[in-house]
Amino acid sequence: MNKVVKDAKEAIIGMSDGCTIMLGGFGLCGIPENTINALFDADIQNITCISNNAGVDDWGLGRLLRKHQLKRIIASYVGENKEFERQLLEGELEVDLIPQGTLAERIRAGGAGIPAFFVPAGYGTEVQEGKEVREFNGKMHLMEMGLTADYALVKAWKGDTHGNLIYRATANNFNNMMAAAGKITIAEVEELVPFGELDPNYIHTPGVYVQRIFKGVDYEKRIEFLTTSD
Amino acid sequence: MNKVVKDAKEAIIGMSDGCTIMLGGFGLCGIPENTINALFDADIQNITCISNNAGVDDWGLGRLLRKHQLKRIIASYVGENKEFERQLLEGELEVDLIPQGTLAERIRAGGAGIPAFFVPAGYGTEVQEGKEVREFNGKMHLMEMGLTADYALVKAWKGDTHGNLIYRATANNFNNMMAAAGKITIAEVEELVPFGELDPNYIHTPGVYVQRIFKGVDYEKRIEFLTTSD
Amino acid sequence: MALDKNGIAKRIAQELEDGYYVNLGIGIPTLVANFIPEGIEVTLQSENGLLGIGPFPKKAEADPDLINAGKQTVTALPGSAFFDSAESFAMIRGGHIDLTVLGAFEVAENGDISSWKIPGKMVKGMGGAMDLVAAAKNIIVATTHTDRNGKSKLIKKCTLPLTGVGCVKKIVTDMAVVEVTPQGFKLVERAPGVSVEEIKNATEGALIVEGDIPEMNLS
Amino acid sequence: MALDKNGIAKRIAQELEDGYYVNLGIGIPTLVANFIPEGIEVTLQSENGLLGIGPFPKKAEADPDLINAGKQTVTALPGSAFFDSAESFAMIRGGHIDLTVLGAFEVAENGDISSWKIPGKMVKGMGGAMDLVAAAKNIIVATTHTDRNGKSKLIKKCTLPLTGVGCVKKIVTDMAVVEVTPQGFKLVERAPGVSVEEIKNATEGALIVEGDIPEMNLS
């Protein structure tokens, strides 16, 4: 089934104010740049965004933040962003902080039809508040719930017309699980190839999870902390 | 870290009567032939075996079965094996039948440190017996527990000296999750390469899960139902 | 005249929609793949870890590493993907498969299904059937209307151990297409030449018949 | 004389064993990688999806797709593997990582740790720290013994929001190596030239001192 759309603008057709999105990437690594910029241009409002981080001031999620398009962020770490800090302190933005592994697993569970599961992370901390606590194998655990979203916005290295995706290096991160947890999953890829060109042994995200795919353009791939040995 | 051992005989050193094993494969596809045969030769007894199927009469798990090395089998489907049927009916063998997806997820959970989770499969059936029932999103679910084993015996297509594994086609099946759920995981591979030769983007099982690896020999790769178009 | 297996499969194939991801069980359901209508693109999932099942291979090309959930050698179409069993059932449980077609021993008026165990007979196991019926968005049962002894398979209440509860949406048999509604079995179509009366007689459960019941169009 | 950051890292590196898989937190823990003893092979995990972290890249080779959990550009050693975040934390939660080294604001006598939130200050989030401390088999805290104002970080009971409970096994500071035992802090080693008395004074929690306390051997 051909799932190719022309570009990010076409890919986000139907997205409307108040939607819940998942956004792949770790820091600025592996974020769906084209789709974020299309959301910015379309000025979609009141977004609830599930993303490990919140971008930087002028790039990634930070762009939507500056334009006040975000109502709520569900993340594990939101440093590196002054505007975020300001909106949070002034109550313009709601933020839920979730341990990173729990966030990753909640998304994986959402895509896999698992409504709830138990993990040890956060036991005895404020993360425990309001959650069921239970002992297994002599260790205390919290019950955590699966997470899904109206739209999952992911970025892959290569993709085919059927929606099969392959990620590169650590740009995979949250993208793979999010692809399965979106009711509609929009994938942007650096390289779009005809179906049959990717080795089926090496597909990270099977096409069944992807509803729309397009070839992204003008990737900036900004580096947050260039750290070198020379 | 070099995890290479010489052969299956060396790989199973330390395995003893009464151990619990996980055995990869779906039917006869992707089973660790060399390791099974080594268990046969070493005549290890009273094994509890977690495996999707039970082999056929004279191959795979069927070999251990005929020699009465198995005490208990945890599986989803055990057809195709007369000796199995006989031992079961005569009470020589204990069998736990588990829905296939629940079995796969219980193994995945075991390796991932998730002690329990909820799934809809089996609600209202005899699988529900003794399990906690709970409603999520208007649908009834059963609480299922993570599974681990003393040893996981898996078979991969390619592996490197660090224990990184790549499976081929549908010979992956239960191998990938089991590799993570064994306290000691023994991998046999068709092709063993020096570390650095496998593309890190395409590793299915990261080496951290594997404790011992060896190059298997004389693969028979029997086909259960040869079905052709000509 | 009642349909043969291929007739049942052909009628079920009419339920397919373009872009569907489908899991076909062993037996009659597998035959559905042979009747996918022109212009409809369907991707078949095999729960042992393949999306994009192709035709059976030529003998020389049979690959022991490439089988379907019935352990038969198959091929993989261009654009397919392989994955492990946890991912495969994540796909099923997570509602990503549009349609599941499977066989049954019994289907009850409330959509309960029995398909895996007959007391007194060797139990082979439920395989993936319980996961599939508990999770698929849409479940069609492919079966003969009665068993070999003429006993109805569409009954008031399942007598055999259940595979799943309230999950079957539609039943396609050699005699009829029956929908499972909140009110019970509802007759939708008749096999060519089979009368409403014959279907009623072969159905143990109450059968809702409203207005004229058309014949299946299998041309 | 109290150790500098590199001294702390060097002492922690002595805890490494051949074949260990290790997760190093941001700050002092990262420096441990520079002091891995000769003959010891250790694989470093980065929770954003890399097993086998290599040195920082040359400027010309920095790859935006290849970063560590601190979002710094890194390299991947031969034999490494990439994976998604769920797999990465499955690895951590499942107990497959042998050692976690991380920083802390406070560590309590019972092994509780506070490391992520200071009331009144901007909260950046816990990242992966809660998952790591709840799951790793062995947790070493790398920290200065006191904060900038001279207030002890090894205390009776944590005052800041917790990251995890009863999880820290060992603390390596600029002044000492302290084990967290069921009886509380136990002094194991002194930094070169630092007296037991000085360590006692810098430790708010009760400090068990049994017999002669040797100096660290950092040669």
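Note that the structure is predicted; figures quoted are calculated from it, not measured. The figures that follow rest on heavy atoms only: side chains count, while hydrogens, waters and symmetry mates do not. Here is the naming used below: chain letters follow the sequence lines, and residue numbers restart at 1 for every chain.
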Does [X] pair with [Y] as a salt bridge, N-O distance under 4.0 Å?
X: A:R108; Y: D:D84; result: no
X: A:E85; Y: D:K124; result: no
X: A:D230; Y: D:K58; result: no

For D:P161 against A:E126, the heavy-atom pair lying closest together: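 Heavy atoms of D:P161 and A:E126 come nearest at CB-OE1, 3.7 Å.
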Does a side-chain heavy-atom distance below 4.5 Å link [X] with [Y]?
X: A:M177; Y: D:S85; value: yes
X: D:I67; Y: A:F26; value: yes
X: A:Y77; Y: D:M126; value: no
X: D:D131; Y: A:T102; value: yes
X: D:D65; Y: A:T170; value: no

Please look at [X] and chain A and tell me whether the side chain, the backbone, both or neither of the residue comes under 4.5 angstrom of a heavy atom of that chain.
X: D:P57; result: both
X: D:T163; result: backbone
X: D:A76; result: neither

May I ask you to decide if D:A134's main-chain N or O and A:K139's side chain share a donor-acceptor pair within less than 3.5 Å?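 Side chain of A:K139 to backbone of D:A134: a pair is present.
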Using only atom types and a distance under 3.5 Å, with no angle test, would you say the side chain of D:R93 pairs donor to acceptor with the backbone of A:G101?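 Confirmed, D:R93 side chain pairs with A:G101 backbone.
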Which bit of A:I107 comes within less than 4.5 Å of chain D, counting heavy atoms only: side chain, backbone, both or neither?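 No part of A:I107 comes within 4.5 Å of chain D.
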